[in-house]
Amino acid sequence: TTFVVTCSAVDTEAGRGVLVCFEDVTHMEQAGQMRRDFVANVSHELRSPLTALLGFIETLRGPAKGDAAASERFLGTMQDEAQRMERLVRDLLSLSRVEEQERVRPTDPVDLCRLIGSVRHALTPVAEENGVTLTTDLPETPIIVPGDTDQLQQVITNLTENAIKYGGQGKTVHVSLTTTEQEPLVRGPAAVISVRDDGPGIDPVHIPRLTERFYRVDSHRSRAMGGTGLGLAIVKHIVGRHRGRLRIESRPGEGSDFRVVLPRDHAQQPR
Ligand code: ADP
């Protein structure tokens, strides 16, 4: 805990005295520290692809000049590095957009069955490339929640992409949608999206920190798979903006289940 202490002399009717004020600035300190950490992380994440790009440009203009095969190889790596920077900037923009809008509740009627169907359609080729089977289990009738279509699509996409990426070859990713009439987490009727994989799972020590910006269980693996470390932070903010909850259940060796609980009622006031 950090206090700022100020002392001042005061004159009152009862006589002269000293006024001592203690102000708890712990939250401000923590917010300042978080901002500094964030800037340091972003700089670090941007600097490594930039350094690589500059190195390759130097090589292409120097030792590799005129070597067509080497140039082609270097250009491929440069493209990968530039795409990594592009993904990072895209995720940073998404994160700052949802953080800015956090106090405004989105209210468009969103059909979750359609949304999950279109994410499945978009990600089936990615699953096939990774040797993963992607299945869905959806109710027959539309399930409507008040929300922002693009943002909810991003939530389902990020969770499904993660399950495909980290699940591993030969595994299955299952996305399902159910409803409950009385969900304690949102104090009312809710829709529950579950993205489950039977991959390697996550050690319990990491689970509470997974939604922190740039937190990764294995940085090398995440980067190699094109991860920015911001996917779950974005999910958490979007779910919060919808007054929903994110629940993560996972056990090493037994796969993971990322569940998003969204209120179905406009008037609900959870929390
Ligand atoms: P990244 O861009 O690294 O994927 P995320 O914020 O989406 O960042 O995820 C944070 C970390 O959580 C990942 O780096 C990974 O270690 C872990 N993770 C996320 N989803 C899964 C999953 N389905 N199975 C195992 N680990 C996962």
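Numbering of ligands and ligand atoms starts at 1, following listing order. The chain is numbered in sequence order, starting from 1.
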request  = Indicate yes or no for a side-chain donor-acceptor contact from R264 to the backbone of V145 under 3.5 Å, with no hydrogens or angles considered.
outcome  = no
message = If we ignore hydrogens and angles and just use 3.5 Å, is the side chain of R213 paired with the main-chain N or O of G229 as donor and acceptor?
response = no
task = Give yes or no for whether the N/O distance cutoff of 3.5 Å, strictly under, is met between F258 and ligand 1.
result = no
ask   = With only distance considered, is G227 within less than 3.5 Å of ligand 1 through an N or O on each side?
value = no
ask   = Between Q33 and D37, is any side-chain donor less than 3.5 angstrom from a side-chain acceptor?
value = yes
With atoms numbered from 1 as shown, which atoms in ligand 1 lie under 4.0 angstrom from a non-hydrogen atom of [X]?
X	answer
S256	24 (N)
G231	5 (P), 6 (O), 7 (O)
L210	12 (O)
R216	3 (O), 14 (O)
G229	1 (P), 2 (O), 3 (O), 6 (O), 8 (O)
T228	2 (O)
I202	25 (C), 26 (N), 27 (C)
Y215	10 (C), 11 (C)

inquiry  = Please determine whether any non-hydrogen atom of G199 lies less than 4.0 Å from an atom of ligand 1.
reply    = no
Any M225 heavy atom less than 4.0 Å to ligand 1 = no
Are [X] and [Y] packed together at the side-chain level, in the sense that at least one heavy-atom pair is separated by less than 4.5 angstrom?
X	Y	value
V132	V126	no
Q153	V119	yes
H242	P106	yes
T211	V235	no
I143	T178	no
V175	L134	yes
E212	K236	no

[atom] [closest protein heavy-atom partner, distance rounded to 0.1 Å]:
atom	value
atom 19 (C) of ligand 1	N162 ND2, 3.6 Å
atom 18 (N) of ligand 1	Y166 CD1, 3.8 Å
atom 3 (O) of ligand 1	S222 OG, 2.5 Å
atom 9 (O) of ligand 1	L232 CD1, 3.6 Å
atom 23 (N) of ligand 1	D197 OD2, 2.9 Å

request  = Using the rule that two of Ile, Leu, Val, Met, Phe, Trp, Tyr join whenever any of their side-chain heavy atoms come within less than 4.5 Å, decide whether F258 and Y166 are in one cluster.
outcome  = no
request  = Could you tell me how the ring of F3 sits relative to the ring of F22: parallel (under 30°), tilted (30 to 60°) or perpendicular (over 60°)?
outcome  = perpendicular
remark   = Quick look: H206 vs ligand 1, heavy-atom contacts under 4.0 Å, and the answer is neither
ask   = So which bit of N158 gets within less than 4.0 Å of ligand 1, heavy atoms only: side chain, backbone, both or neither?
value = neither
